[in-house]
S.K.: 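For reference, the structure I am asking about is given below.
In what follows, every chain begins at residue 1, and chains take the letters A, B, ... in the order their sequences are listed.
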2 protein chains.
Amino acid sequence: MEKKFQAIYDVLAKEIQTEKIRAGQLLPSENELTERFATSRETVRKALQLLSQNGYIQKLQGKGSIVLEQDKLPLPVSGLTSFKELARSMSQKVETSVIELSSKEAHGCNQQVLQCEEGTPIWELQRMRKLDGEAVIYDKDLLLKKLAPGLTKEIAADSIYDYLEQELGLSISYARKEVVVEEADAKDKEILDMGSYQQLVVVRSAVYLEDTTLFQYTESKHRPDKFRFVDFARRTK
Amino acid sequence: MEKKFQAIYDVLAKEIQTEKIRAGQLLPSENELTERFATSRETVRKALQLLSQNGYIQKLQGKGSIVLEQDKLPLPVSGLTSFKELARSMSQKVETSVIELSSKEAHGCNQQVLQCEEGTPIWELQRMRKLDGEAVIYDKDLLLKKLAPGLTKEIAADSIYDYLEQELGLSISYARKEVVVEEADAKDKEILDMGSYQQLVVVRSAVYLEDTTLFQYTESKHRPDKFRFVDFARRTK
DNA sequence: TAGTGGTCTAGACCACGTC
DNA sequence: ACGTGGTCTAGACCACTAA
């Protein structure tokens with residue numbers, strides 16, 4: 001059964017997305033929502049907190065919850081979203097090809113970034129992404145083999161996250177990311193359609209499971225003109 | 001008086017930062033914390049939720065709350081942090097100079113981005129930031145004049161956010177941001193020490209107050225080698 | 001003054017992990 | 001079986017906004 005506060009969130013989020021409640025209007029009051037969903041006020045408030053965090057509403061003490069303008073292009077590179085999930089929300093034609101999928105043993109730098117023992121079996125995966133026929137993204141992944149023993153090129157070309165979450169029942173929980181701009185090296189230029197570009201936007205992420213296991217390390221290189229990051233941020237004092 | 005859940009958060013966050021509780025260890029259970037802080041469990045849970053959101057802990061059902069590794073370089077460009085606040089946490093020498101502060105009336109594109117009436121009085125502000133003596137960041141701001149009538153070059157060289165929040169009592173609440181890479185234009189090259197770089201990382205933000213007024217629009221251009229963005233993200237399904 | 005959201009409480013029951 | 005976190009409740013009091 002779905003959790004009550006999640007269900008309330010889903011209903012209200014949908015009403016906002018479909019503009020059944022328009023930007024600038026007030027949501028029904030917490031007391032009204034409590035009645036409408038036949039629940040307690042704290043539960044309604046949990047749903048509203050989620051809406052607020054995700055940029056759907058702004059709460060105003062003494063007034064109510066006002067619905068915010070929705071972004072036209074919801075490209076949540078913030079957060080933790082797989083390429084396939086992103087692709088679905090983009091109109092462009094996307095294509096993934098697996099350059100390499102090989103089984104190795106951790107050593108030196110590999111071992112460092114995955115924080116595992118020397119000799120731990122790992123997957124080394126390289127993929128290239130095309131947008132509208134142009135090779136513009138180059139991903140390198142390191143994964144702990146014991147958590148995804150049955151990985152294949154077919155799975156890697158589709159969605160690793162789907163496989164992990166739906167097939168294996170693993171729970172991807174959080175990630176640390178870093179975004180920087182770096183010079184493209186020879187290999188990058190071989191793999192990608194660089195045109196006259198000399199630099200790449202590099203997103204490095206360490207991905208953790210629910211039990212805090214570091215499971216995946218990814219380096220994702222984007223051609224600068226095809227990189228875009230949007231974010232909704234709340235001020236924390 | 002500080003809110004109880006905020007106070008609990010502060011205490012626990014400090015204990016984690018100072019490694020009084022080390023990464024990998026478990027926090028005391030919610031029941032223990034409830035006793036220790038002489039409060040109710042829901043209040044403790046609000047504090048823990050904040051810790052979880054900010055990457056301090058990971059909660060594990062049936063086990064407890066495990067303390068996560070802290071980032072060495074906490075550079076929260078995610079979130080909503082002023083340059084002065086950032087600078088404080090960096091070892092480098094930083095310097096801000098005001099290129100221009102002028103009073104204008106909104107028209108055309110200005111008016112567009114601030115979503116205000118034609119002719120609305122606005123501040124147009126341009127600043128340049130030096131890190132270790134090099135001009136590497138170029139900020140252009142548009143602000144609604146009626147909300148910050150007494151803005152001066154001195155204030156702009158220090159911190160606009162301090163002025164707004166502490167002097168004027170305004171509450172900066174949230175922002176929408178976009179990060180892209182663009183070609184530097186002639187003006188950019190004049191203002192910044194570009195070396196051989198041809199491109200800039202451009203961060204565009206729309207900043208809103210608590211009452212959802214769009215108050216500031218900022219375009220911040222960074223020399224690629226001096227741009228770094230780190231993020232802690234939780235997966236939302 | 002009435003209605004709104006913000007905080008806090010004491011207690012209940014459930015789901016999960018460990019022993 | 002026990003302790004952990006996850007959800008939900010019914011009610012209290014406070015702070016703020018608006019009429």
S.K.: Tell me: CG of A/L33 to C1' of C/dG5, nearest whole Å?
M.R.: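 The distance from CG of A/L33 to C1' of C/dG5 comes to 12 Å, rounded to the nearest Å.
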
S.K.: Of all the nucleotides listed (C/dG6, C/dT9, D/dG5), which has the minimum atom distance to the side chain of A/Q61?
M.R.: C/dG6

S.K.: Give the rounded distance in Å between these two atoms: CG of A/D211 and P of D/dG5.
M.R.: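 Rounding to the nearest Å, CG of A/D211 and P of D/dG5 are 16 Å apart.
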
S.K.: Does atom CD of B/Q17 have more than 12 heavy-atom neighbours, drawn from other residues, nucleotides or ligands, at distances under 6.0 Å?
M.R.: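 Yes.
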
S.K.: C/dT4 P sits how many Å from A/E35 CD, rounded?
M.R.: 11 Å

S.K.: Take the protein atom CD of B/E210 and the nucleotide atom P of C/dG5, then report the distance between them rounded to whole Å.
M.R.: 15 Å

S.K.: Looking at C/dT7, C/dT9, D/dC8, which one has an atom nearest to any side-chain atom of A/K3?
M.R.: D/dC8

S.K.: D/dT9 phosphate, OP1 or OP2: any side-chain N/O from A/T39 under 4.0 angstrom?
M.R.: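 Yes, such a contact exists.
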
S.K.: Please list, in numerical order, the residues of residues 19-27 of chain A that have a heavy atom closer than 4.0 Å to any atom of DNA chain C.
M.R.: none

S.K.: Does B/S40 have a side-chain nitrogen or oxygen under 4.0 Å from the phosphate oxygens OP1 or OP2 of C/dC8?
M.R.: no

S.K.: Quickly work out the B/Q49 CD to C/dC8 P distance and round it to whole Å.
M.R.: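 Taking CD of B/Q49 and P of C/dC8, I get 14 Å after rounding.
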
S.K.: I want to check one thing: is the phosphate of C/dT7, taken as OP1 and OP2, less than 4.0 Å away from some side-chain N or O of B/K46?
M.R.: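 Checking B/K46 against C/dT7: no side-chain N or O falls below 4.0 Å of OP1 or OP2.
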
S.K.: Reckon A/R41 has a side-chain N or O less than 4.0 Å from the OP1 or OP2 of D/dA10?
M.R.: no

S.K.: For DNA chain D, whose closest nucleotide is more 5', that of B/K59 or that of A/T43?
M.R.: B/K59

S.K.: What is the distance, to the nearest angstrom, from the CZ atom on B/R45 to the P atom on C/dG11?
M.R.: 18 Å

S.K.: Please verify the inter-ring angle class for A/Y174 with A/Y208; under 30° counts as parallel, over 60° as perpendicular, anything in between as tilted.
M.R.: parallel

S.K.: Taking NZ in B/K63 as the centre, count heavy atoms belonging to other residues, nucleotides or ligands within less than 6.0 Å. Is the count above 12?
M.R.: no

S.K.: Could you pull out all residues at least two apart from B/K59 that satisfy salt bridge (charged side-chain N to carboxylate O under 4.0 Å, His left out)?
M.R.: B/E30

S.K.: Do you know which two heavy atoms are closest between B/L48 and B/S65, and how far apart they sit?
M.R.: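 Scanning both residues completely, I find the closest heavy atoms to be CD1-OG, 4.1 Å.
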
S.K.: For a quick test of reading the model: is some side-chain N or O of B/K63 closer than 4.0 Å to OP1 or OP2 of D/dG3?
M.R.: no

S.K.: If you count the non-hydrogen atoms of other residues, nucleotides and ligands that lie under 6.0 Å from CD in B/E100, is the total more than 12?
M.R.: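 Correct, the count exceeds 12.
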
S.K.: Between A/E42 (CD) and D/dT7 (P), how many Å, whole number?
M.R.: 13 Å

S.K.: Check for a donor-acceptor pair, side chain of B/R129 on one end and backbone N or O of B/D139 on the other, with a separation under 3.5 Å.
M.R.: no

S.K.: Indicate, with a heavy-atom threshold strictly under 4.0 Å, whether A/L60 touches base, sugar-phosphate, or nothing.
M.R.: sugar-phosphate

S.K.: Take atom NZ of B/K4 and atom C1' of D/dC14, then tell me their distance rounded to the nearest Å.
M.R.: 14 Å

